[in-house]
Amino acid sequence: MIEPMIRYNLLLYHGDVKPFMEKLRDLGVVDVTFRDWDAPQQVRNLMAASERYRAVYQHLGSVKPGAAEDGLKSGDLAPFATVDEAVEAYEAAAERISQLENMRAKATTELDELAMWGEFDPDEIKRLRTEEGIALRFFEVSAKQYKPEWEREYAIQVVASNLGGETYFVVAQPLAGPNGTAEPVDLGNAVVELKAPEMTFAQKERQIEEYLRQEKEQQEIIARAALSRDRIWADYLKMKDRIMFDDAVHAGESFADGTIQIVEAWSVEENRGKVEAFLDAEGIIYESDRAVAAENPPIKLKNHFFARLFEPIGSLYMLPRYNEIDITPFFAPFFMIFFGMCFGDAGYGLLFILAILIFWRKIPAKFRDFAWLALFLNIATVFFGMLTGNFFGIELAKVPALVRFREYFVSNENMFNVAIGLGAAQILFGMILRIFNRSKQNGSFLYGLSTLGWVILLVSGGLALAGVLDSASILFYVLLGIAGVLIFFFNSPHKNPLVNIGAGLYNSYEMATGVVGDLVSYVRLFAIGLAGAIIAQVFNALSVGLSGNIPVLSWIFMAVILVIGHGLNIFISALGAFVHPVRLTFVEFYKNAGFEGGGRKFMPFKRAEK
């Protein structure tokens, strides 16, 4: 659910703004509406510095923990004297490493090009040109197009013949003319002249080694900077606090030549007594009232334990507006079922459940909700895996000891029907939510009646197709009549009946095409689960077919194939099992539920948390 909000208008004397904001920040339960303001250069510099510190902190997180600690213990590394030095040293080292990696990549390419020329002395090539007047020119041509008769016309030395389908050779020519240029060599268009090598193969190898040595030096600087990572984060939080405080100080709208400011603020209703007691104690003049949707209040969700676990998933899209229903508790069970159906292997689910239980005590408290979410999702995976009889790619229905239970496992054909049935259930449930959502958005139940008509039409039609309701009965026609009236005359309440009929016709077209398309989308639940099961079976078959009959080695080779194959399948299947239910939730379910979204998160003005 969305917590009710209280809106405050605070009347502040300009000289009291800073001391008041400091106390309000310590209270830590009020959201202040910030306004755009022309920040001075000092504040802009602080914002840029905070972003630098945040980025450096994140990048230093990839440094192996042991590298910095080992250097600290051995005395080889010592923290930088100041945090600013650590940040600047990291940035310089990271930039230098990027340059060295580019130069090393270029040198490696050049090393491959030098391999065919063998060992030579570049200085000797220069001496021949300057002192002897002889130029050495380097050429490449397809081995099939090299002509031995060229050797009678020019002084040619073949260096590498048919190397990768190419022939490399050198032509020695006397320099002529006042500028000391070599005469053109007429060997045809197929011959490509190459740039004269400036280094030998060994020299280029030494150059690459030097680049690697310099990279190692820069990595040591980064490891040293990592010793200051916690201090960098602490300084970042201080900067963030200063920036937010400046924003809060300039959040008010000025009146009376800037002597008075009116600040808009929000708090959840349950904190109203606490906030107003604080304002009274500070002698602040204010007005307060329950928030309304037109004021676009911030959104704070409050759900029970199970639904709360799915709030991060809903926030991937957007928060609801203040006059909407929080859909999180309603999509949560469907998402859990859809994930289990897509992942669909009981062995994979048990593997994750065991991993979570084994490492539970090592999971930080702030990540426990994510662990609970993963636990519930994999419980659903085990359920559907047992339902379809998939266990690490093994079809349980074909295991001799379990053959007698074959009839209890759900076949692929039936899983297809289950996917369609679940889709129909979620779409219909979304439309029922839309009745209440539209009523809440527009302040009247009349705005939900057209959707109610569609629900009645779809349910009665479904019951008639299932044979539960006689399509020739009076009740059936009465339901159709009620649905028709609601659809065509209550589409847009308080508007012209002709407008309602037109809107009803348009919605009929949208519904006829949209519902079918939405329903087809749910086939992915079946398809993704089936694909994962087939891939697992393929890797099982490969491990048996390729392992051979060599004692011990066969088992090792089989184990390697199984670990790599199932590891890849787990990664791909888990990714698909998350992404596709998210897509079904945000597109099909949200659309049918009439979700609009666009709310901003309730963020109390308080000190940055470590």
Side-chain angles (χ1 to χ4, degrees), residues 58 61-66 69 303-316 328 331-396 399 402 409 525 528-544 555-583 585:
Q58 291 177 339
S62 61
V63 177
K64 293 181 180 179
E69 280 79 355
N303 291 301
H304 57 76
F305 170 73
F306 179 75
R308 189 185 75 239
L309 302 178
F310 293 82
E311 287 179 5
I313 295 175
S315 64
L316 292 174
T328 307
F331 81 71
F334 284 103
F335 190 94
M336 178 179 169
I337 293 170
F338 293 166
F339 182 94
M341 193 170 178
C342 289
F343 208 10
D345 189 293
Y348 293 170
L350 281 175
L351 193 65
F352 276 95
I353 290 172
L354 289 175
I356 292 168
L357 294 178
I358 291 171
F359 295 104
W360 183 260
R361 293 185 178 181
K362 295 184 179 181
I363 300 174
K366 63 181 179 180
F367 295 125
R368 286 285 173 87
D369 279 358
F370 293 104
W372 275 110
L373 176 62
L375 191 64
F376 280 116
L377 295 179
N378 283 285
I379 288 173
T381 300
V382 173
F383 172 78
F384 275 96
M386 297 305 296
L387 197 66
T388 56
N390 289 316
F391 191 86
F392 285 112
I394 299 171
E395 295 181 83
L396 298 180
V399 176
L402 301 175
F409 294 115
L525 298 173
I528 293 167
L530 179 63
I534 292 174
I535 292 172
Q537 293 169 15
V538 168
F539 280 116
N540 287 345
L542 284 174
S543 67
V544 174
W555 289 100
I556 295 174
F557 192 60
M558 181 185 294
V560 169
I561 294 176
L562 288 174
V563 169
I564 294 175
H566 282 289
L568 289 172
N569 194 35
I570 286 173
F571 173 75
I572 295 171
S573 297
L575 183 63
F578 180 81
V579 169
H580 289 282
V582 164
R583 193 262 183 200
T585 300

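All residue numbers refer to positions in the sequence shown, counting from 1.
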Report the residues that fulfil side-chain hydrogen bond (donor to acceptor under 3.5 Å, both in side chains) with Gln58, sequence neighbours left out, ordered by chain and then residue number.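 Counting only residues at least two positions away or on another chain, Gln58 forms a side-chain hydrogen bond (donor to acceptor under 3.5 Å, both in side chains) with Arg54.
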Under the side-chain hydrogen bond (donor to acceptor under 3.5 Å, both in side chains) rule, collect the residues that match up with Thr585, sequence neighbours excluded.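 With neighbours one apart ignored, the set is empty.
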Would you call the rings of Phe335 and Phe339 parallel, tilted or perpendicular, where under 30° means parallel and over 60° means perpendicular?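 Rings of Phe335 and Phe339: parallel, as their planes differ by under 30°.
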Which pair of non-hydrogen atoms, one from [X] and one from [Y], has the smallest distance, and what is that distance?
| X | Y | answer |
| --- | --- | --- |
| Gly344 | Thr381 | N-CG2, 3.8 Å |
| Gly314 | Phe331 | N-CZ, 3.9 Å |
| Ser573 | Gly532 | OG-CA, 3.9 Å |
| Gly347 | Phe391 | N-CD1, 3.5 Å |
| Met386 | Ala346 | SD-CB, 3.7 Å |

My understanding is that only residues two or more places apart in sequence, or in another chain, count here; which of them pass ring pair (Phe, Tyr, Trp, His ring centres under 6.0 Å) with Phe352?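 In terms of ring pair (Phe, Tyr, Trp, His ring centres under 6.0 Å), with neighbours along the sequence ignored, Phe352 is linked to Phe343.
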Who are the ring pair (Phe, Tyr, Trp, His ring centres under 6.0 Å) partners of Phe305, not counting sequence neighbours?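 Testing Phe305 for ring pair (Phe, Tyr, Trp, His ring centres under 6.0 Å), a comparison that skips the adjacent residues, returns Trp372.
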Between Ile363 and Trp360, is the side-chain contact (heavy atoms from CB on, under 4.5 Å) condition met? List the steps. CA-CA 5 Å; Ile363 300 174; Trp360 183 260; 4.1 Å; yes
By the salt bridge (charged side-chain N to carboxylate O under 4.0 Å, His left out) test, which pairs, at least two apart or in different chains, include something from residues 369-394?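 For residues 369-394: Arg308-Asp369.
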Run the side chain to side chain contact (heavy atoms under 4.5 Å, CB included) test against [X] and tell me which residues pass, sequence neighbours left out.
| X | answer |
| --- | --- |
| Phe306 | His304, Phe310, Ala332, Pro333, Met336, Phe376 |
| Ala374 | Ile356, Asn378 |
| Leu316 | Phe578, Phe586 |
| Leu402 | Leu396, Val399, Phe405 |

Sequence-distant partners of Arg368, salt bridge (charged side-chain N to carboxylate O under 4.0 Å, His left out), two or more places apart: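 Checked Arg368 against salt bridge (charged side-chain N to carboxylate O under 4.0 Å, His left out); zero matches.
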Residues two or more places apart in sequence or in another chain: which of them pass salt bridge (charged side-chain N to carboxylate O under 4.0 Å, His left out) with Glu311?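 Glu311 satisfies salt bridge (charged side-chain N to carboxylate O under 4.0 Å, His left out) with no residue once adjacent residues are dropped.
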Does some side-chain heavy atom of Phe384 sit less than 4.5 Å from a side-chain heavy atom of Ile337?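 A side-chain contact exists here, since the closest heavy-atom pair is under 4.5 Å.
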Ile313 and Leu373, any side-chain heavy atoms less than 4.5 Å apart: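 Heavy-atom side-chain distance check passes, below 4.5 Å.
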Answer yes or no: is there a donor N or O on one side and an acceptor on the other, between the side chain of Asn390 and the main chain of Ile534, under 3.5 Å?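 Absent.
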What pairs of residues pass the side chain to side chain donor-acceptor pair (under 3.5 Å) test when at least one of them lies in residues 343-355, not counting sequence neighbours?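 The answer is Tyr348-His566, Tyr348-Asn569.
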